[in-house]
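The structure appears right after this line, and notes come after that.
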Amino acid sequence: FRRWQTRLGQSSNPAINQVAVSYADYSSVNAPAPEEVWRLACETGCTGLLVDTYSKEGLSSFDFLSVENLQELRSRCHESNLFFALAGSISLKHLDQIKEVSPDIIAVRGSVCESGARAGQISAVAIHHWKECISNW
């Protein structure tokens, strides 16, 4: 990570921010735990932490981490002046859980594509529906 950070730091674009990524399914892919990635993000000057899933088999971040785990991670991020982003097969069926976690950013892909296929074309209707759902919070 530090090697890539050094390379990115050599960029002449001051708008580049570094975001650490942790996998909710970390234990099944031999990746560092989210808390470890958060610590590294703090140590290396990242601006945020994104929790995602490595596997794209349809299981969401909520299948691997509880709302309480994600809330704690969000709190740690905020205490460290990092934003907290949540991804990982997030769909409209997770709205109650998302609201409880209260991430700064919700990153979606498949649920805003036609037919829910993450490689499909982005659907303006699906984006509008998401927008309507979260604007009522």
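Numbering of residues begins at 1 and proceeds along the displayed sequence.
- Of all non-hydrogen atoms in H94 and S89, the two that sit nearest each other are CE1-O, 3.5 Å.
- Under a hydrophobic clustering in which Ile, Leu, Val, Met, Phe, Trp and Tyr are joined whenever their side-chain heavy atoms come within less than 4.5 Å, directly or via other members, I106 and V125 fall into different clusters.
- By the 6.0 Å contact criterion, NZ on K56 is enclosed, its count of non-hydrogen atoms from other residues, nucleotides or ligands being greater than 12.
- Crowding of Y54 atom OH: a count of heavy atoms from other residues, nucleotides or ligands under 6.0 Å not exceeding 12.
- Atom-to-atom distance recorded for Q97:CD and S60:OG is 6.5 Å, nearest 0.5 angstrom.
- Residue pairs meeting the side-chain hydrogen bond (donor to acceptor under 3.5 Å, both in side chains) criterion with at least one partner in residues 70-79, sequence neighbours excluded, are E72-R76, H78-D104.
- Screening F84, W38, Y23 for a side-chain contact (heavy atoms from CB on, under 4.5 Å) involving V51 leaves a single residue, F84.
- Annotation: the span from E100 atom CD to D96 atom CG amounts to 7.0 Å, rounded to 0.5 Å.
- Looking only at distances, no side-chain donor or acceptor of S80 sits under 3.5 Å from a matching main-chain atom of L82.
- At a threshold of 4.5 Å between non-hydrogen side-chain atoms, the residues I105 and L86 do not count as touching.
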Q: Test side-chain contact (heavy atoms from CB on, under 4.5 Å) on L49 and F83 and set out the steps.
A: CA-CA 6 Å; L49 174 68; F83 69 78; over 6 Å; no

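- Residue pairs meeting the side-chain hydrogen bond (donor to acceptor under 3.5 Å, both in side chains) criterion with at least one member in residues 25-35: none, sequence neighbours excluded.
- With a 4.5 Å cut-off on side-chain heavy atoms, T44 and Q18 do not count as touching.
- Annotation: side chain of T53 is not in contact with side chain of F62 (no heavy-atom distance under 4.5 Å).
- The two residues S91 and I98 come nearest to each other via the heavy atoms O-CD1, 4.3 Å.
- The minimum heavy-atom distance between A20 and C46, with the atom names listed, is N-SG, 4.0 Å.
- In this structure, Q121 places its CD atom where only 12 or fewer heavy-atom neighbours from other residues, nucleotides or ligands lie under 6.0 Å away.
- Rounding to the nearest 0.5 angstrom, the gap separating the CG atom in L65 from the CG atom in L70 is 5.0 Å.
- The backbone N or O of K99 sits nowhere less than 3.5 Å from a side-chain atom of S102 that would complete a donor-acceptor pair.
- Listed for the S111 side chain is a donor-acceptor partner under 3.5 Å among the backbone atoms of I90.
- The two residues V19 and L50 have their closest heavy-atom pair at CG1-N, 4.0 Å.
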Q. Can you list the steps and then say if L92 with C133 is a side-chain contact (heavy atoms from CB on, under 4.5 Å)?
A. CA-CA 8 Å; L92 289 171; C133 289; 4.0 Å; yes

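- The closest donor-acceptor contact from the side chain of S22 to the backbone of V37 lies at 3.5 Å or more, if one exists at all.
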